[in-house]
Amino acid sequence: ALVGAISLIFAAFIPQMETEQDFKEFLPNDDPAVRAMEEAEDRYGAQIFSLIAIEVDDTVFKTSTLQKIKEMEELFTDIEGVEEVQSPLSAQVITGTEAAILVGPAAKGEQVPETPEDLAEFQERVMGSRMLKGRLVSEDGQATAIMVKLDPRLSTTKMQEIAKEITGIAKEYESPERIYLAGGSFEALEAQKMMMRDLWVLIPLAIVVIIAVLYLSFRSRRGIIIPLLVVLLSVIWAVGTMAICGVPFTPISIIIPVILLAIGSADGIHILNRYYEEASKGNSSKREIVVETMIDMFSPVVMTSLTTAAGFMALLSSFLIPQREFGVFTTIGILAAMVLSLTLVPALLSLIKLPAEGKKKEWQLEHNLFSRGLSKLGTAVYRHRAWVLGIALIVLATSLVGVPKLRLETEMSQFMGEDSPIAKTMDVMEEHFGGAMQMGIEIDTGTRDRLKDPATLAKIVELEEFLESQAHISSPSSIADLVREMNQKFHGDDPAYYVIPKDRRLVSQLLLLFTFQGGSLGSMALGDFSAGEVFARMGGIEGTRDIKQLVETVQTYLDENFAEGGVKARMVGITQVSVSLLNRLVASQATSLGTSTVAVWVIVSLLMGSFVAGMISMVPLILTIAINFGFMAYTGRPLDIATIMIGSIVIGIGIDYAIHFQSRFRLEFARDENPDPAKALERTMRTSGRGITYNAITVGLGFAVLVFSSTGGMGAFGSLVASAMVISAISALTVIPALLATWKPKF
């Protein structure tokens with residue numbers, strides 16, 4: 001009754017759960033890259049532009065397509081929170097005649113050209129503008145884009161609402177045109193859809209898998225209902241606590257329910273395994289069976305729960321906020337499952353009847369039949385322990401050799417998977433516009449009007465030329481481009497004058513003329529011309545490693561060419577944030593892995609009263625982690641924000657197998673007047689070996705459910721943890737007995 005009341009309280013808060021998909025929000029506010037981006041947003045406005053790309057098979061320069069663009073642009077402009085909307089119709093172009101220079105929208109009056117003559121003139125104006133060609137209209141004329149800038153001060157929730165509204169509008173205008181949405185808000189919206197789909201698909205699937213495994217394990221209703229009830233209630237307690245604390249679901253924490261379903265049943269399986277073992281003897285009362293079961297299982301359940309919790313709590317050392325939240329609330333679920341296993345399970349077993357005689361015999365027969373193979377395995381390990389340890393060392397060494405080849409990945413599109421809408425949109429943007437990713441560089445002179453200095457502008461031109469020379473960077477733009485284009489138009493549109501004037505006064509006059517004509521500088525320069533931004537697009541990048549190399553190359557250029565003269569240059573924007581994430585992931589992985597290893601070793605050593613026992617327990621885990629990372633390195637699978645946690649998770653969960661094995665081995669060893677390791681090992685394999693096997697299968701299949709996730713990163717994470725559980729269980733049933741038989745430690 002008490003458990004039911006508590007569970008109802010937690011469940012009442014769950015409908016309040018929200019989601020968070022903005023990767024920038026995952027980094028601490030004191031991160032230098034995040035600070036730089038926020039400072040740039042304060043000075044120049046939004047640093048990430050959303051692009052609505054329209055692709056056709058022939059040409060965008062036709063009335064029907066342009067009319068759709070016009071209508072969409074008007075609807076986007078009316079959305080509250082949208083700062084600026086720009087399309088090929090409204091984008092400013094500079095035209096020059098013998099009498100004057102004109103700055104205005106590419107389409108006269110921003111209206112859709114109707115006649116063939118007007119269309120041809122409009123096409124000529126757009127394709128003749130260096131500011132538009134290749135940026136808002138593809139060079140082949142088969143794609144165009146509408147740029148939308150949002151107020152950077154908006155909350156993530158509001159940005160998602162705007163993205164949802166824009167998405168709804170865009171869908172109404174599709175066909176025959178194909179429309180793609182690129183930008184952080186749309187990526188977050190797509191991630192939210194994928195997350196909610198995962199919740200509705202993966203949780204029921206995990207429940208079905210666990211029910212199937214429990215049925216095959218115990219062939220009884222109590223064997224299914226009791227462990228399942230424990231895990232479902234632990235999920236409610238954990239998610240309810242998240243809701244009470246106001247912590248949202250992220251692409252990482254969204255799998256907490258699935259993980260708790262997978263690992264929360266472990267305690268119940270081991271308790272029921274022991275309960276049926278006692279019941280099958282047939283010479284005790286119900287009370288004696290329950291009490292004897294709980295006396296034997298109390299210590300292993302507490303130890304395994306605390307060590308599993310320690311593995312997840314080690315994620316608190318991560319700098320990524322979602323990983324910390326994932327560690328804390330998974331730990332809460334694990335401890336909830338422990339409390340429920342030690343209270344609710346014996347309470348339920350005390351209220352229901354003992355298994356019927358037929359069930360007892362069936363269990364005993366099945367127990368002996370299944371145990372025969374485990375017993376033979378134990379005998380083989382004992383006889384060939386040197387071979388077992390030798391093979392384990394060879395596998396360990398082979399795996400460690402591959403670890404340095406591991407690559408890290410922080411790109412959203414890579415995490416979501418190659419077949420995701422996000423990845424497809426990026427492919428289209430790369431094909432027509434040089435890429436969907438943006439690189440931002442701030443040029444800060446610290447002096448009013450210094451951006452008008454020809455020498456400063458010349459350095460910016462050199463920077464743009466350098467960026468253009470890089471394989472993955474295209475379409476750089478800045479105030480220098482504006483000045484050069486104005487100068488060309490000022491001199492009768494002579495291409496020879498597409499240069500920075502040497503006379504500072506002429507530069508000032510050109511910029512003054514531009515603003516008088518209604519031109520907008522946007523992020524190209526502040527109002528006092530003391531600082532401005534250079535933007536470029538990045539494409540053809542396979543992952544974060546390429547981005548990191550590119551950023552390092554650009555940063556080296558900035559350090560070498562803007563170190564003197566009082567002009568400072570620094571990279572700002574999401575690209576730098578992505579690299580910062582990559583750099584800190586490495587340190588985070590090392591810290592969390594080291595923390596979880598030490599914490600688990602200390603806990604096991606203290607609870608078992610032996611540091612040697614703790615060391616032996618860690619051996620199969622270290623072997624499992626090495627095999628896991630070695631496999632990833634050899635197969636090219638990257639470490640991302642999900643798979644980076646595998647080491648800590650394997651230590652936290654995998655230690656259970658070692659604890660249950662050693663606890664039962666000590667018990668069996670102590671029961672004989674003349675202890676025999678071989679006999680103790682055989683009995684341990686017959687009893688706890690069964691529970692360990694079922695535990696590993698349940699947890700492995702529970703994680704394997706994640707392969708059906710909408711995101712490729714989570715699918716890889718699930719398959720890797722599932723295989724790690726199998727390897728960890730096999731290691732516990734082979735390496736540990738081989739060590740005990742060879743070493744014969746005093747404990």
message: Please verify the inter-ring angle class for His660 with His270; under 30° counts as parallel, over 60° as perpendicular, anything in between as tilted.
response: parallel

Atom pair [atom1] ([X]) and [atom2] ([Y]), whose distance is rounded to the nearest 0.5 Å:
{"X": "Leu272", "Y": "Ile226", "atom1": "CG", "atom2": "CD1", "answer": "5.5 Å"}
{"X": "Thr241", "Y": "Ile236", "atom1": "OG1", "atom2": "CD1", "answer": "11.5 Å"}
{"X": "Leu701", "Y": "Met725", "atom1": "CG", "atom2": "CE", "answer": "12.5 Å"}
{"X": "Ile203", "Y": "Leu260", "atom1": "CD1", "atom2": "CG", "answer": "10.0 Å"}
{"X": "Ile210", "Y": "Ser265", "atom1": "CD1", "atom2": "OG", "answer": "5.0 Å"}
{"X": "Leu374", "Y": "Thr684", "atom1": "CG", "atom2": "OG1", "answer": "11.5 Å"}

For [X] and [Y], work out which heavy atoms get closest and say how close.
{"X": "Ile651", "Y": "Ser596", "value": "CD1-OG, 3.6 Å"}
{"X": "Ala310", "Y": "Ile603", "value": "CB-CD1, 3.6 Å"}
{"X": "Ala262", "Y": "Val699", "value": "O-CG2, 3.3 Å"}
{"X": "Gly264", "Y": "Val231", "value": "C-CG1, 3.1 Å"}
{"X": "Ala337", "Y": "Val230", "value": "O-CG1, 3.9 Å"}
{"X": "Ala729", "Y": "Ile692", "value": "CB-CG2, 4.2 Å"}

- request: For side-chain contact (heavy atoms from CB on, under 4.5 Å), just list the numbers for Leu340 and Trp237, CA-CA rounded to whole Å, side-chain angles, deciding distance to a tenth of an Å, and then say yes or no.
  value: CA-CA 11 Å; Leu340 292 168; Trp237 288 21; 4.0 Å; yes

Check whether [X] reaches the backbone of [Y] with its side chain - one donor and one acceptor, N or O, closer than 3.5 Å.
{"X": "Thr304", "Y": "Val301", "result": "yes"}
{"X": "Thr308", "Y": "Gly652", "result": "yes"}
{"X": "Arg690", "Y": "Thr687", "result": "no"}
{"X": "Arg637", "Y": "Leu720", "result": "no"}
{"X": "Ser728", "Y": "Ala724", "result": "no"}
{"X": "Thr330", "Y": "Gly327", "result": "no"}

Would you mind reporting whether [Y] and [X] have side-chain heavy atoms less than 4.5 Å apart?
{"X": "Phe631", "Y": "Ile727", "result": "no"}
{"X": "Thr597", "Y": "Leu621", "result": "no"}
{"X": "Leu740", "Y": "Pro677", "result": "no"}
{"X": "Thr379", "Y": "Tyr382", "result": "no"}
{"X": "Phe661", "Y": "Met685", "result": "yes"}
{"X": "Ile332", "Y": "Val328", "result": "yes"}
{"X": "Leu733", "Y": "Tyr657", "result": "no"}
{"X": "Phe249", "Y": "Val239", "result": "yes"}

field: side-chain contact (heavy atoms from CB on, under 4.5 Å) assessment of Ile263 paired with Phe703
entry: CA-CA 9 Å; Ile263 65 179; Phe703 274 97; 3.8 Å; yes

message: According to salt bridge (Lys or Arg N to Asp or Glu O under 4.0 Å), does anything in residues 610-622 pair up with another residue at least two apart or in another chain? List the pairs.
response: none

task: Identify, with sequence neighbours excluded, every residue that meets side chain to side chain contact (heavy atoms under 4.5 Å, CB included) alongside Leu667.
output: Arg664, Arg671

query: Between Tyr276 and Arg274, is there a cation-pi geometry (under 6.0 Å to ring centre, at most 45° from the normal)?
result: no

- request: Check the pair Val302 / Leu342 against side-chain contact (heavy atoms from CB on, under 4.5 Å), numbers first and verdict last.
  value: CA-CA 9 Å; Val302 171; Leu342 296 176; 3.9 Å; yes

field: Inter- and intrachain pairs under side-chain hydrogen bond (donor to acceptor under 3.5 Å, both in side chains), touching residues 611-625, at least two apart
entry: Ser617-Gln662

- prompt: Looking at Lys679 and Glu682, does any basic side-chain N land under 4.0 Å from a carboxylate oxygen?
  reply: no

message: Is there a side-chain contact (heavy atoms from CB on, under 4.5 Å) between Ile646 and Phe717? Walk through the geometry before answering.
response: CA-CA 8 Å; Ile646 287 177; Phe717 172 77; 3.8 Å; yes

message: If we check side chain to side chain contact (heavy atoms under 4.5 Å, CB included) with Val650, which of these qualifies: Ile622, Ile655, Ile625?
response: Ile625

